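Chain identifiers are assigned alphabetically (A, B, ...) following the order of the sequence lines, protein sequences preceding nucleic acid strands; residue numbering begins at 1 within each chain. Basis for what follows: all heavy atoms, side chains included, without hydrogens, waters or symmetry-related copies. Predicted model, so just to flag it, every value in this text is computed and none were measured.
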2 protein chains.
Amino acid sequence: MIQAAGLYLGRAGSKIACMSLINFADQITDLMKRKKSRVIVGLDPAMEHAPLSLQGGEIATLGLGTREISHGRQWAMREFCERIIEATADITVGYKVQVAYFERFGSAGLHILERLLLEHEEKLFILDGKRGDIGATSEAYADAYFHDYSDEDKSPLLCDAVTLNGYLGRDALEPFFKHLAKDKGAFVLAKTSNPSSGDLQDLKIGEDPVYVHMARLVHEWGQDFVGACGYSALGLVVGATYPEAARAVREVAPKSLILVPGIGVQGGKPKDAQAFCGADGLGAVFNFSRSIIYAHKFGPFADEHDDEDFANAARVAAEYYRASLNDVLGEP
Amino acid sequence: MIQAAGLYLGRAGSKIACMSLINFADQITDLMKRKKSRVIVGLDPAMEHAPLSLQGGEIATLGLGTREISHGRQWAMREFCERIIEATADITVGYKVQVAYFERFGSAGLHILERLLLEHEEKLFILDGKRGDIGATSEAYADAYFHDYSDEDKSPLLCDAVTLNGYLGRDALEPFFKHLAKDKGAFVLAKTSNPSSGDLQDLKIGEDPVYVHMARLVHEWGQDFVGACGYSALGLVVGATYPEAARAVREVAPKSLILVPGIGVQGGKPKDAQAFCGADGLGAVFNFSRSIIYAHKFGPFADEHDDEDFANAARVAAEYYRASLNDVLGEP
């Protein structure tokens with residue numbers, strides 16, 4: 001993916017020289033244009049949905065936590081992710097890895113994630129951990145994902161962007177800011193895609209719900225990280241299941257890059273995609289987890305593909321969602 | 001710590017038989033009474049504050065993230081934690097481990113944490129990760145910390161309780177509830193100890209700030225997990241730096257167990273401790289991280305102890321805070 005003429009240099013590129021660091025919002029916008037895609041693939045390897053050939057014998061119990069993870073299981077998780085990546089890389093913007101699905105296997109699971117990030121360091125990876133803690137602790141999390149001084153001393157989970165929870169306020173996010181000023185990105189939860197997100201997020205503070213206040217704060221904090229594309233490397237998460245929330249968020253946060261989970265299995269619709277974008281049809285990327293990686297099992301393509309054909313099913317689904325979004329929004 | 005006559009059976013005890021599972025609030029209350037202590041020791045191994053003997057050579061650079069962690073570094077982190085535990089176990093309720101300080105070393109760091117939890121499974125451990133995600137993902141996190149079906153199939157990061165972020169609402173916490181109905185605990189962030197916690201948490205929804213609404217929700221959800229002690233295994237986090245917040249929280253959440261970080265280096269005072277407790281002087285435990293584990297460097301005992309004497313300094317500080325709290329609140 002490293003192209004001398006192209007804009008995106010990614011994690012591999014950032015090592016070349018400090019002066020060549022490119023704002024994350026510009027990187028992702030460039031990728032959207034080159035791939036003609038707004039699709040992010042969510043790698044949530046819940047292996048109980050994986051094809052049987054990757055669940056043989058002991059792998060069948062992979063859904064249960066275990067202190068030990070056999071080489072067979074490690075191989076299966078890696079193989080599953082690798083084949084999804086291989087099948088979708090040319091038509092998607094990048095990948096969102098959900099840390100929980102690796103953390104549930106402890107250090108062995110995290111090791112699989114490290115290998116995955118390292119072997120695909122030329123691709124764009126968003127680490128979805130929704131972290132957020134007091135300053136000193138957030139500093140340690142930022143160390144885990146964003147340091148890349150040299151080959152000898154880099155973060156174990158080096159990635160391009162993370163998701164963060166802003167409930168603790170500005171000083172919990174600040175340790176990430178110095179990296180956003182370089183080439184990294186972060187998406188702070190505003191309105192999440194789950195059914196009970198309204199328990200707290202919809203409560204009204206004055207005229208506006210909590211999530212609009214969160215969006216306003218993030219927009220303000222993100223002013224320092226706005227790229228040439230007009231969007232900030234400090235972005236927001238707004239669930240596709242709540243397009244009316246996206247309209248309210250866009251009003252107070254016109255420059256925020258928005259990561260949109262929830263189209264497909266969770267119930268969000270491509271036809272509502274405009275609400276999440278800026279006036280230029282950019283500024284939003286759409287994450288598909290189960291709808292792509294388990295397309296052999298869930299959704300409109302399940303009937304056409306048997307389990308062993310999961311990688312092809314993922315490609316067909318990714319292409320379908322790419323086209324659906326482009327139909328509504330135009331090619332990026 | 002397993003005593004046939006005692007109440008606390010902990011992680012080791014929970015394996016004995018399902019019928020012997022003891023509510024987490026009852027476990028921790030029993031420990032408070034037996035240890036005559038409300039002190040939790042926060043294990044945040046930021047090794048740059050550790051004594052030089054644990055930083056020799058390459059270990060000095062431990063503050064920077066690194067993909068590889070040498071055996072020397074792993075040894076130093078474990079040795080540091082082990083010596084703190086050894087010096088404080090008899091006068092404290094248990095330990096809170098901050099996942100970030102392990103995660104910054106990736107899988108190798110998490111492996112150290114796994115070893116620590118395994119080797120001390122008879123002690124009470126709270127895993128401080130402030131996790132919170134949509135249902136399917138929270139299920140994977142719960143798998144990581146709370147499954148303990150048998151010796152062959154248990155969670156890699158098996159612990160007694162976790163901290164959670166409730167920004168996503170009830171369905172993000174629900175995957176943990178089935179474990180709270182057994183012998184596990186969870187503390188949901190209400191008002192955090194950091195300076196900018198008010199950015200979102202203090203905003204007013206009607207008459208009450210966000211953190212009071214969060215506390216009210218958690219109190220309601222926690223009704224199913226109230227133990228014989230009168231407190232619920234679904235608790236709250238309220239920072240010691242905001243005692244007036246604690247009074248407001250206690251009013252709407254009288255049965256919530258409260259985990260209180262922030263006395264000492266962060267600025268909270270033992271004299272304000274009553275605000276966090278119930279009328280019986282129970283219902284709250286107080287976490288000390290830097291104020292105990294780096295007592296050789298920060299706080300009133302730094303002058304009396306040189307770096308190599310860190311474990312003794314930790315014991316002196318733990319004893320001091322135990323007595324200070326008991327002076328204000330009476331022995332638990």
For this session: Taking B/Gln201 for its side chain and A/Tyr167 for its backbone only, find out whether a donor-acceptor pair lies under 3.5 Å.
Result: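 Flag set: sc B/Gln201 to bb A/Tyr167 pair under 3.5 Å.
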
Exercise. Just by distance, do the side chain of B/Glu114 and the backbone of A/Ser107 share a donor-acceptor pair under 3.5 Å?
Worked result: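 Checked: pair present.
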
Identify the heavy atoms of [X] and [Y] that sit nearest to each other, and give their distance.
| X | Y | value |
| --- | --- | --- |
| B/Tyr141 | A/Gly129 | OH-O, 3.8 Å |
| B/Ser193 | A/Ile134 | OG-CG2, 4.1 Å |
| A/Asp171 | B/Pro195 | OD2-CD, 3.1 Å |
| A/Pro156 | B/Phe105 | CG-C, 3.6 Å |

Chain B contact via [X] - which portion, at a heavy-atom distance below 4.5 Å:
| X | answer |
| --- | --- |
| A/Ala136 | both |
| A/Leu168 | both |
| A/Gln266 | side chain |
| A/Thr192 | side chain |
| A/Phe146 | neither |
| A/Gln98 | side chain |

Exercise. Picking from A/Met214, A/Lys191, A/Glu174, which has the most non-hydrogen pairs under 4.5 angstrom with chain B?
Worked result: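 Top option by heavy-atom pairs under 4.5 Å: A/Met214.
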
For this session: Give the member of A/Ala172, A/Gly135, A/Ala190 that has the highest number of heavy-atom pairs under 4.5 Å with chain B.
Result: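 Of A/Ala172, A/Gly135, A/Ala190, A/Ala190 has the most heavy-atom pairs under 4.5 Å with chain B.
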
Exercise. For B/Leu189, is it the side chain, the backbone, both, or neither that has a heavy atom closer than 4.5 Å to a heavy atom of chain A?
Worked result: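 When you check distances to chain A, atoms from both the backbone and side chain of B/Leu189 fall under 4.5 Å.
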
Problem set entry | Contacting moiety of B/Tyr145, where chain A heavy atoms sit under 4.5 Å |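 B/Tyr145 touches chain A through side-chain heavy atoms alone.
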
For this session: May I ask you to decide whether A/Asp199 forms a salt bridge with B/Arg170, counting only side-chain N to carboxylate O separations under 4.0 Å?
Result: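 Here A/Asp199 does not pair with B/Arg170 in a salt bridge, since their nearest N and O are not under 4.0 Å apart.
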
Exercise. Does B/Arg104 pair with A/Glu139 as a salt bridge, N-O distance under 4.0 Å?
Worked result: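 No, no charged N to carboxylate O under 4.0 Å.
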
Problem set entry | Gap between atom CD1 of A/Ile205 and atom CG of B/Leu200 - 0.5 Å precision |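 Going from CG on B/Leu200 over to CD1 on A/Ile205, the span is 6.0 Å.
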
For this session: Mind checking the OG-CG spacing from A/Ser138 to B/Asn194? Nearest 0.5 Å is all I need.
Result: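 CG of B/Asn194 is found 8.5 Å from OG of A/Ser138.
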
Of all of [options], which one pairs up most often with chain A through heavy atoms under 4.5 Å apart?
| options | result |
| --- | --- |
| B/Asn165, B/Val99, B/Leu203 | B/Asn165 |
| B/Leu113, B/Leu217, B/Asp133, B/Thr163 | B/Asp133 |
| B/Ser197, B/Ala100, B/Gly169, B/Gly206 | B/Ala100 |

Exercise. Can you tell if the side chain of B/Glu103 reaches within under 4.5 Å of the side chain of A/Asp143, non-hydrogen atoms only?
Worked result: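 A side-chain contact is absent here, since even the closest heavy-atom pair is not under 4.5 Å.
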
